[in-house]
Protein chains: 2
Amino acid sequence: MVSLKDIAKQAGASPSTVSFVLNGKEKEMRISSPMAEKIKEVARKEGYQPNRVAVSLRTGKSKIIGLMVDTIAGSFFASLARIIESEADAFGYKIIYCSTGNDVVKGKELIRTLHQSHVDGYLIIPTAGMESDINKLMEAKKPVVLMDSYFAGTTVPYVLVNNFDGVSKGITHLINKGYKKICFVCNDIPLIQMKERIRGYTQTLQENNIEVNKQLILETKYGGKREEVVNEIASFLAATKPQAVMFAANYLGVYGLESIKQLQLKIPEDIAVVCFDDHEIFNLHHPGITSVKQPAEEIAKVAIDILMGEMKVKKKSKQQQLQLEATIIERSST
Amino acid sequence: MVSLKDIAKQAGASPSTVSFVLNGKEKEMRISSPMAEKIKEVARKEGYQPNRVAVSLRTGKSKIIGLMVDTIAGSFFASLARIIESEADAFGYKIIYCSTGNDVVKGKELIRTLHQSHVDGYLIIPTAGMESDINKLMEAKKPVVLMDSYFAGTTVPYVLVNNFDGVSKGITHLINKGYKKICFVCNDIPLIQMKERIRGYTQTLQENNIEVNKQLILETKYGGKREEVVNEIASFLAATKPQAVMFAANYLGVYGLESIKQLQLKIPEDIAVVCFDDHEIFNLHHPGITSVKQPAEEIAKVAIDILMGEMKVKKKSKQQQLQLEATIIERSST
DNA sequence: ATCATTTGCAAAATCGATTTAGTAAAACTA
DNA sequence: TAGTTTTACTAAATCGATTTTGCAAATGAT
């Protein structure tokens with residue numbers, strides 16, 4: 001690899017002069033234009049590329065953003081990742097992905113690794129138990145933006161869908177279609193977004209003068225085996241016999257469809273279905289499954305914007321904590 | 001951040017001594033055990049973590065592997081990524097993901113960025129036009145392993161499914177079920193794996209004494225809009241009226257199911273379906289779609305193994321270029 | 001003509017580790 | 001006891017950039 005020193009030697013200049021010129025400080029450092037031209041010429045000819053590791057060591061900046069997610073396989077992540085990558089690229093930043101696999105210990109380790117690797121900023125989809133680590137990052141003045149969830153009462157910036165309103169839209173849609181006995185299937189993730197979704201369910205029913213029956217809420221174990229969850233949902237639906245069901249997450253919807261298939265129920269005749277968070281499968285399924293779609297692209301864009309503000313790459317956004325609107329996609333399941 | 005120098009000061013030793021001890025070279029450098037213990041004690045107490053950037057600059061090693069894929073959203077990638085990450089972790093390596101979005105220019109840029117970031121090794125799912133860049137990496141003696149595809153006639157190590165045999169298994173399965181008029185839907189990616197899949201189709205038919213009719217092969221444009229491809233497949237199937245169809249990639253299968261839905265054909269009564277490369281949707285679909293599953297986990301493991309061999313982290317694998325067996329998953333579509 | 005500025009660049013310090021070369025003191029040898 | 005070897009470290013060079021300080025030569029002011 002050709003180094004700055006090599007360029008200096010070839011151009012008959014000192015390394016400092018070369019650095020000034022190639023970093024656009026020739027005016028400021030009053031380098032003569034013949035000298036500057038010579039240096040640029042040599043650098044171009046030799047295809048000089050600065051050693052990012054050296055730059056990072058000296059400047060303390062890596063131009064890299066760490067993106068931590070629970071699982072890299074999810075479809076929500078997939079839609080986020082593409083946008084985040086291209087948005088970051090526009091600011092000259094690269095992304096390092098890593099997944100915690102919903103393992104707190106691994107999450108802590110990863111934060112440490114990213115920290116050691118001197119990433120300039122963090123985009124995190126937090127899992128339970130990460131609050132303290134994230135607070136440490138904040139104390140260390142590291143730019144952090146959370147996505148998909150957040151911790152109540154902190155000043156950590158976040159961007160996520162309005163979970164309460166999203167579920168409310170789904171439930172309202174069902175009520176408007178005439179369904180009264182509506183089940184809700186969620187999981188036991190101890191994060192705020194799930195609480196919000198449950199609140200969206202109960203409160204919307206109340207507002208429509210429908211009595212809330214706790215028996216109609218199923219809280220499945222998060223991380224449970226697919227088969228077990230499918231069976232759990234099946235027996236729940238068999239026992240409660242609702243007119244409609246709303247699933248609180250797309251994977252629950254996918255599992256739920258399997259349960260419904262098992263029970264040989266017809267959608268929407270025997271049971272209407274709505275799911276929070278869209279999935280390709282819902283579109284392809286026969287009949288199509290009505291779902292509440294998260295504004296993934298917008299979330300990604302806003303998150304990067306806030307982060308760039310924190311990193312002083314652009315001017316700071318006024319709003320650091322916000323919830324974006326979900327939209328309902330009507331298909332044939334309701 | 002606490003640095004090696006700080007530890008040295010606190011322990012009353014020189015930075016070099018601290019470095020020796022913390023890198024397990026105390027014997028070799030005959031550091032006295034009281035001194036060594038003191039240093040370890042201080043390092044532990046202060047929670048010292050070496051600055052990876054500095055280490056990387058000095059040693060030229062980053063303990064990072066670059067993983068380049070065409071798109072991060074694909075399900076094949078999702079299954080690969082998890083395994084690759086955990087396998088690499090076992091060797092103390094981290095993964096940087098990046099996606100080319102099937103853009104040759106972006107791919108070239110990314111290789112340069114990774115190179116500048118001093119990644120120790122490359123795992124690449126190559127796209128058309130990357131051959132020269134990959135050859136350059138090989139010339140520079142960089143450890144590279146290709147996945148999912150390869151370039152004929154080069155010595156670049158690769159791991160992928162046996163595409164020929166995989167398709168052959170699918171077609172054989174259809175023939176055994178009694179289907180004779182079998183269509184094949186593929187795309188125009190100019191990569192070897194697609195050629196192999198087409199060869200798998202034609203050759204298997206021939207071996208079973210079924211005449212190959214070029215009219216029964218549809219080559220869709222890769223990267224075409226979903227709707228257009230769906231319509232293209234629909235009119236193709238309407239025109240050819242086959243007893244069975246095999247799709248050469250899982251996204252084609254997904255699109256194809258939509259086409260079939262459009263045509264209001266019943267699976268498998270009106271048309272039997274097999275797809276190369278499994279997808280969650282095929283399991284959930286009613287009826288389930290028979291597919292040929294790639295051994296994604298094995299591919300990931302073997303790729304990492306070869307790469308570690310190249311990087312001299314473990315002893316070199318004997319075989320550097322290999323194709324793994326696909327397995328057929330029988331569902332109700334055939 | 002003399003002193004003060006400005007110009008144009010180079011020297012050297014720095015980031016935080018690793019690694020080679022060097023060096024007192026202790027131990028051993030003859 | 002003088003010379004050699006071993007022990008137990010430390011000093012300094014190094015990786016490749018950035019950035020502060022320094023310093024002749026040219027220019028300007030009086």
Side-chain angles (χ1 to χ4, degrees), chain A residues 1-40 42-43 46-64 92 112-113 115-120, chain B residues 1-40 42-43 46-64 92 112-113 115-120:
Chain A
M1 272 290 255
V2 47
S3 76
L4 182 136
K5 231 187 223 165
D6 301 329
I7 304 298
K9 212 170 291 171
Q10 271 203 54
S14 77
S16 14
T17 307
V18 175
S19 174
F20 294 141
V21 171
L22 297 183
N23 286 303
K25 299 190 179 161
E26 36 178 309
K27 293 268 160 50
E28 192 181 334
M29 287 296 144
R30 17 168 210 253
I31 308 299
S32 66
S33 55
M35 177 92 268
E37 285 313 311
K38 180 84 186 281
I39 288 171
K40 285 180 195 163
V42 173
E46 294 292 314
Y48 169 73
Q49 296 293 139
N51 181 326
R52 291 173 142 256
V53 174
V55 173
S56 175
L57 177 60
R58 177 62 231 243
T59 63
K61 313 239 159 282
S62 60
K63 290 273 184 178
I64 288 178
R112 225 186 45 212
T113 304
H115 187 60
Q116 283 174 56
S117 301
H118 287 210
V119 305
D120 293 342
Chain B
M1 271 290 255
V2 47
S3 76
L4 181 136
K5 232 188 223 166
D6 301 329
I7 304 298
K9 212 171 290 171
Q10 271 203 55
S14 75
S16 8
T17 308
V18 174
S19 174
F20 293 141
V21 171
L22 297 182
N23 286 302
K25 299 190 179 160
E26 36 177 309
K27 293 268 161 49
E28 193 183 333
M29 287 294 144
R30 15 166 211 253
I31 308 298
S32 67
S33 53
M35 177 92 267
E37 285 315 310
K38 180 83 188 283
I39 288 171
K40 285 180 195 163
V42 173
E46 295 292 314
Y48 168 72
Q49 297 293 140
N51 181 325
R52 290 173 143 257
V53 175
V55 173
S56 176
L57 176 59
R58 178 61 230 243
T59 64
K61 311 236 160 286
S62 60
K63 289 271 183 179
I64 288 177
R112 225 187 44 213
T113 304
H115 186 61
Q116 282 175 58
S117 301
H118 287 210
V119 304
D120 293 343

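Labels below follow one simple rule: chain letters A, B, ... track the order of the sequence lines, proteins then strands, and each chain is numbered from 1.
For S14(A) and dA11(C), the shortest distance from a side-chain N or O to OP1 or OP2 is not below 4.0 Å. Within the 4.0 Å cut-off from OP1 or OP2 of dG16(D), not a single side-chain nitrogen or oxygen of Y48(A) is found. Checking the phosphate oxygens (OP1, OP2) of dT10(D), a side-chain nitrogen or oxygen of T17(B) falls inside 4.0 Å. Between N51(A) and the phosphate of dC15(D), there is no side-chain N or O to OP1/OP2 separation shorter than 4.0 Å. Between S32(B) and dC9(D) there is a side-chain N or O to OP1 or OP2 distance below 4.0 Å.
Atom-to-atom, CD of E26(B) to P of dT10(D) comes out at 14 Å; the value is rounded to the nearest Å. When rounded to the nearest whole Å, the span between NZ of K25(A) and P of dT18(D) equals 8 Å. One can place CG of L4(A) at 13 Å from P of dC15(D), the figure rounded to the nearest angstrom. Between M29(B) atom CE and dA21(C) atom P there is a gap of 11 Å when expressed in whole angstrom units. Atom C1' of nucleotide dA11(D) and atom NZ of K5(B) are separated by 13 Å, given to the nearest angstrom. Nucleotide dA17(D) holds its P atom 15 Å from the CZ atom of F20(A), rounded to whole Å. Rounded to whole Å, atom P of dG16(D) lies 8 Å from atom NE2 of H118(B). In this structure, CG of D6(A) is placed 9 Å from P of dG16(D), rounded to the nearest angstrom.
Closest approach of V18(B) and A8(B) over heavy atoms only: CG2-CA, 3.6 Å. Heavy-atom minimum distance, S62(B) versus D120(B): N-OD1, 2.9 Å. Summarising the geometry of V2(A) relative to E46(A), their closest heavy-atom pair is CG1-O, 3.6 Å, with the distance given to 0.1 Å. Closest approach of A43(A) to I7(A), counting heavy atoms only: CA-CD1, 4.0 Å.
Mapping A36(B) and A54(B) onto DNA chain D by nearest heavy atom places A36(B) closer to the 5' end of the strand. Comparing P15(A) and R30(A) by the nucleotide of DNA chain C that holds the closest heavy atom to each, the one mapping nearer the 5' end is R30(A).
Contact of R58(B) with dT14(D) (side chain to base): a donor-acceptor pair of N or O atoms is detected under 3.5 Å. Side-chain to base pairing of S3(A) with dA17(D): no donor and acceptor N or O lie closer than 3.5 Å to each other.
Nearest nucleotide to the L57(B) side chain, out of dA17(C), dG16(C), dT10(D): dG16(C).
In this structure, I39(A) CD1 and L22(A) CG are separated by 7.0 Å, a value rounded to the nearest 0.5 Å. Annotation: the span from E37(A) atom CD to E26(A) atom CD amounts to 7.0 Å, rounded to 0.5 Å.
Backbone-only engagement by M35(B) is indicated by non-hydrogen atom pairs under 4.0 Å involving sugar-phosphate atoms exclusively. Contacts of T59(A) with the nucleic acid, taken as non-hydrogen atoms under 4.0 Å apart, involve only primed sugar atoms and P, OP1 or OP2. Contacts of S16(A) with the nucleic acid, taken as non-hydrogen atoms under 4.0 Å apart, include base atoms.
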